[in-house]
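So the structure is just underneath, and the comments pick up after that.
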Amino acid sequence: MGHSAAVWDFRAATEFTKDWNGIDQVVLRTPQGASARVSLHGAQVTSWRNEQGEELLFTSCKTLSKAPKAIRGGIPICFPQFGNCGSLELHGFARNKMWAIDENPPPLPPNDSSGKSFVDLLLRLSEEDVKCWPHSFEFRLRVSLTTDGDLTLISRVRNINAKPFSFSFAYHTYLLVSDISEIRVEGLETLDYLDNLSQKARVTEQGDAVTFESEVDRVYLSSPNIIAVLDHERKRTYIIRKEGLPDVAVWNPWEKKSKSMVDFGDEEYKQMLCVDGAVIEKPVNLKPGEEWTGRIQLSVVRSSFCSDRLGLDRSGI
């Protein structure tokens, strides 16, 4: 891909390769064996593995996975629109565009640079794109992997236009789980949510955790900055820490909807759950020259435990 030796030295644990469709991708690795793959198509994280080589993100075996369509799984970037809440295509255009690697990224902060493998990707619209969304911006996404195997995504959107614009956003995170009927999501109890299965009706969560017995498509509002997804069968807990992302979208299509999706297996709903750090209810409004930052950090604890040990009522990162 014509990358200079300086870039390779700067990110010694970063590889540049191609996926099975010939699309450029970046592979981040740790000395302990954890890894993450990021496709330049959509700046989409398509794989995240722990030190034992176990995959932690779900990807459908039926994904179409050919440009311009996003892969069904991993972590698609929903921007500048989440879902169908605007005039653009579903979940916006960022996940369907080719991004560029920043050859000279800004350095990591001194307290954040130790042992991290990372890549910076940039999205800028073409003249054709501007006809659909007439706003000038720079979108920088930094994907990094710590020596402990934690995966961090930091999005920065800067308004380089002469007029303000607004957008919604989500890290549409497909977690790989053992059995959706055994999963608990903790940290969202007592919150209000918008139920997309009931015309976005506002409902208050009554359970001590979110559990799954049928299709779920919700946006939890004003959420804490730490969410836990407990997988009892695998004795594994995903911990999601977030900043600048007040909402959490939770989605599982269940059986009926799964059968209607051409890029999703009929039974695959049992092994996946989307828990998205997001800005949905109140879109971000950026004035000229302003920048918004949204950050998410994913980590895994090897045993299930109650969320009161996570301090879910405290700030995230």
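Just the heavy atoms: all of them, side chains too, but no hydrogens, waters or symmetry mates, feed the values below.
Looking at heavy atoms from C-beta onward, Leu121 lies in side-chain contact with Ile101 at the 4.5 angstrom threshold. Counting only heavy atoms from C-beta outward, the side chains of Ser258 and Glu267 never approach each other to under 4.5 Å. Contact of the Asn161 side chain with the Pro288 side chain is not registered, since no non-hydrogen atoms from C-beta on lie closer than 4.5 Å.
Defined by atom type and a distance below 3.5 Å, a donor-acceptor pair is missing between the side-chain atoms of Thr173 and Asp276. Arg236 and Ser178 are not linked by any side-chain donor-acceptor pair at a separation below 3.5 angstrom, with hydrogens and angles left out of the test. At a cut-off of 3.5 Å, with distance as the only test, no side-chain donor of Thr146 or Asp148 sits close to an acceptor on the other residue. Side-chain contact, Tyr174 with Ser60: no donor N or O sits under 3.5 Å from an acceptor N or O.
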Assess whether side chain to side chain contact (heavy atoms under 4.5 Å, CB included) is satisfied between Leu188 and Ser223, documenting all intermediate values.
CA-CA 7 Å; Leu188 303 176; Ser223 62; 4.1 Å; yes
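The backbone N or O of Phe82 lies less than 3.5 Å from a partner atom in the side chain of Ser168, making a donor-acceptor pair. Side-chain N or O atoms of Arg158 include one that pairs as donor or acceptor with a backbone N or O of Gly289 at under 3.5 Å. Within the 3.5 Å criterion, the main-chain N or O of Ile180 finds no donor-acceptor partner in the side chain of Glu182. A donor-acceptor pair under 3.5 Å links the side-chain atoms of Asn252 to the main chain of Tyr269, judged by distance alone.
Of the listed residues (Phe137, Phe167, Phe165, Trp292), just one forms a side-chain contact (heavy atoms from CB on, under 4.5 Å) with Asn159, and that residue is Phe165.
Between Lys270 and Asp179, none of the side-chain N atoms (NZ, or NE/NH1/NH2) sits under 4.0 Å from a carboxylate O, so this pair counts as no salt bridge. Taking 4.0 Å as the cut-off between side-chain N and carboxylate O, Arg234 and Glu54 do not count as a salt-bridged pair. Taking 4.0 Å as the cut-off between side-chain N and carboxylate O, Glu281 and Arg202 count as a salt-bridged pair.
Counting non-hydrogen atoms of other residues, nucleotides and ligands closer than 6.0 Å to CD of Gln52 gives a total above 12.
Close placement of the Phe139 and Trp99 rings is indicated, their centers lying within 6.0 Å of each other.
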